[in-house]
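Order of the sequence lines fixes the chain letters, A, B, ..., with proteins taken first and strands second; residue numbering starts at 1 for each chain.
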Number of protein chains: 2
Amino acid sequence: MGQSNPPFMTGVPELLVLRLLAEREMYGYELARRIRLVTDDVIRLGEGVIYPALHGLEAAGALKARRKTVNGRTRVYYRLTSKGRRRLERLLADWERVSTGVEAVLEEPAGA
Amino acid sequence: MGQSNPPFMTGVPELLVLRLLAEREMYGYELARRIRLVTDDVIRLGEGVIYPALHGLEAAGALKARRKTVNGRTRVYYRLTSKGRRRLERLLADWERVSTGVEAVLEEPAGA
DNA sequence: TTGTTATATATCGTGGTTCAAGGTATAATT
DNA sequence: AATTATACCTTGAACCACGATATATAACAA
């Protein structure tokens with residue numbers, strides 16, 4: 001009974017989160033803001049995407065959380081684990097493969 | 001009572017189908033084969049994706065179907081309408097925007 | 001003081017895409 | 001005779017991503 005593979009274009013939010021956390025420790029709200037900023041508002045991941053992704057990644061052992069209070073507000077900082085780094089590599093390769101595939105079709109010059 | 005927007009990474013199968021049909025008239029089975037071939041087997045769209053996409057596109061007026069019997073087998077050839085061409089332009093622009101956004105995050109060099 | 005905006009976390013219900021699997025039928029190959 | 005390739009199609013479910021909602025503090029305006 002069918003377990004199906006994830007759709008081939010998914011996992012991008014996860015990829016973005018992991019990639020940013022590879023640079024430095026960040027917290028959820030910051031990640032959302034940063035993605036909006038860097039993509040010029042093209043990609044806007046809401047809290048309903050960011051937080052579940054973060055929690056899932058942490059549960060999978062790809063992230064480690066650290067609580068910190070700044071200005072009376074509690075932030076949860078996440079950093080990559082080695083497992084997370086490996087996962088990032090994999091997702092990076094997936095993205096490259098798939099986007100290259102899409103480009104191949106788009107540039108395809110009517111070959112027989 | 002939310003109707004939600006489609007996820008930001010979707011619509012790629014539709015894009016690929018429209019792009020190939022912009023070259024020339026093709027039928028469903030052929031499209032599936034062609035996408036597999038051009039992408040080096042990276043993207044494999046099954047019939048469960050191809051045919052519903054084709055039907056939806058036709059219902060939306062983006063494609064025009066034409067029945068043709070070859071070697072005793074019936075094929076349904078699809079060609080782009082002007083509406084389909086416009087839709088292709090839009091999806092093309094969407095893909096460019098989004099993939100550029102993803103790349104921006106991936107190449108992001110730790111800017112503050 | 002009251003209201004709104006920004007910061008910061010979290011969950012929930014649901015909607016829509018994509019998926020594998022199944023179903024029909026003819027032609028070609030083994 | 002059986003399997004593979006061609007060719008169409010539908011269905012049920014999985015899953016991600018979405019908007020909405022909730023809570024709480026700080027900053028700023030009116």
TODO: Using only heavy-atom distances, determine whether the side chains of A/Arg75 and A/Tyr77 contain a donor-acceptor pair under 3.5 Å.
DONE: yes
How many whole angstroms separate atom [atom1] of [X] from atom [atom2] of [N]?
X       : N      : atom1 : atom2 : value
A/Leu16 : D/dA17 : CG    : C1'   : 13 Å
A/Asn5  : D/dA13 : CG    : C1'   : 14 Å
B/Asn71 : D/dA7  : CG    : P     : 8 Å
A/Phe8  : C/dT17 : CZ    : C1'   : 10 Å
B/Asp94 : C/dT17 : CG    : P     : 13 Å
A/Leu57 : D/dC16 : CG    : P     : 12 Å

Open item on the list: I want to confirm an ordering. Mapping A/Leu45 and B/Val70 to their closest nucleotides on DNA chain D, which one lands closer to the 5' end?
Closed with: B/Val70
TODO: State the CG-CG distance between A/Leu63 and A/Leu18, to the nearest 0.5 angstrom.
DONE: 6.0 Å
TODO: Report the distance from atom OH of B/Tyr27 to atom CD1 of B/Ile50, rounding to the nearest 0.5 Å.
DONE: 12.5 Å
Closer than 4.0 angstrom, basic N to acidic O: yes or no for [X] and [Y]?
X       : Y        : result
B/Arg24 : B/Glu30  : yes
A/Glu58 : A/Lys64  : no
A/Arg19 : B/Glu108 : no

- [ ] Determine the contact category for B/Arg33: base if any of its heavy atoms lies under 4.0 Å from a base atom, sugar-phosphate if only primed atoms, P, OP1 or OP2 are that close, otherwise nothing.
- [x] sugar-phosphate
Which atoms of nucleotides 8-11 of chain D (N or O only) lie under 3.5 Å from a protein N or O atom, and what are those distances?
| from | atom 1 | to | atom 2 | distance (Å) |
| --- | --- | --- | --- | --- |
| D/dC8 | OP1 | B/Val76 | N | 2.7 |
| D/dC8 | OP2 | B/Gly28 | N | 3.4 |
| D/dC8 | OP2 | B/Tyr29 | N | 2.7 |
| D/dC8 | OP2 | B/Tyr51 | OH | 3.1 |
| D/dC8 | O5' | B/Tyr51 | OH | 3.4 |
| D/dC9 | OP2 | B/His55 | NE2 | 3.2 |
| D/dT10 | OP2 | B/His55 | ND1 | 3.3 |

Open item on the list: Go nucleotide by nucleotide along DNA chain C from the 5' end; which of B/Gly46 and A/Arg73 gets its closest nucleotide reached first?
Closed with: A/Arg73
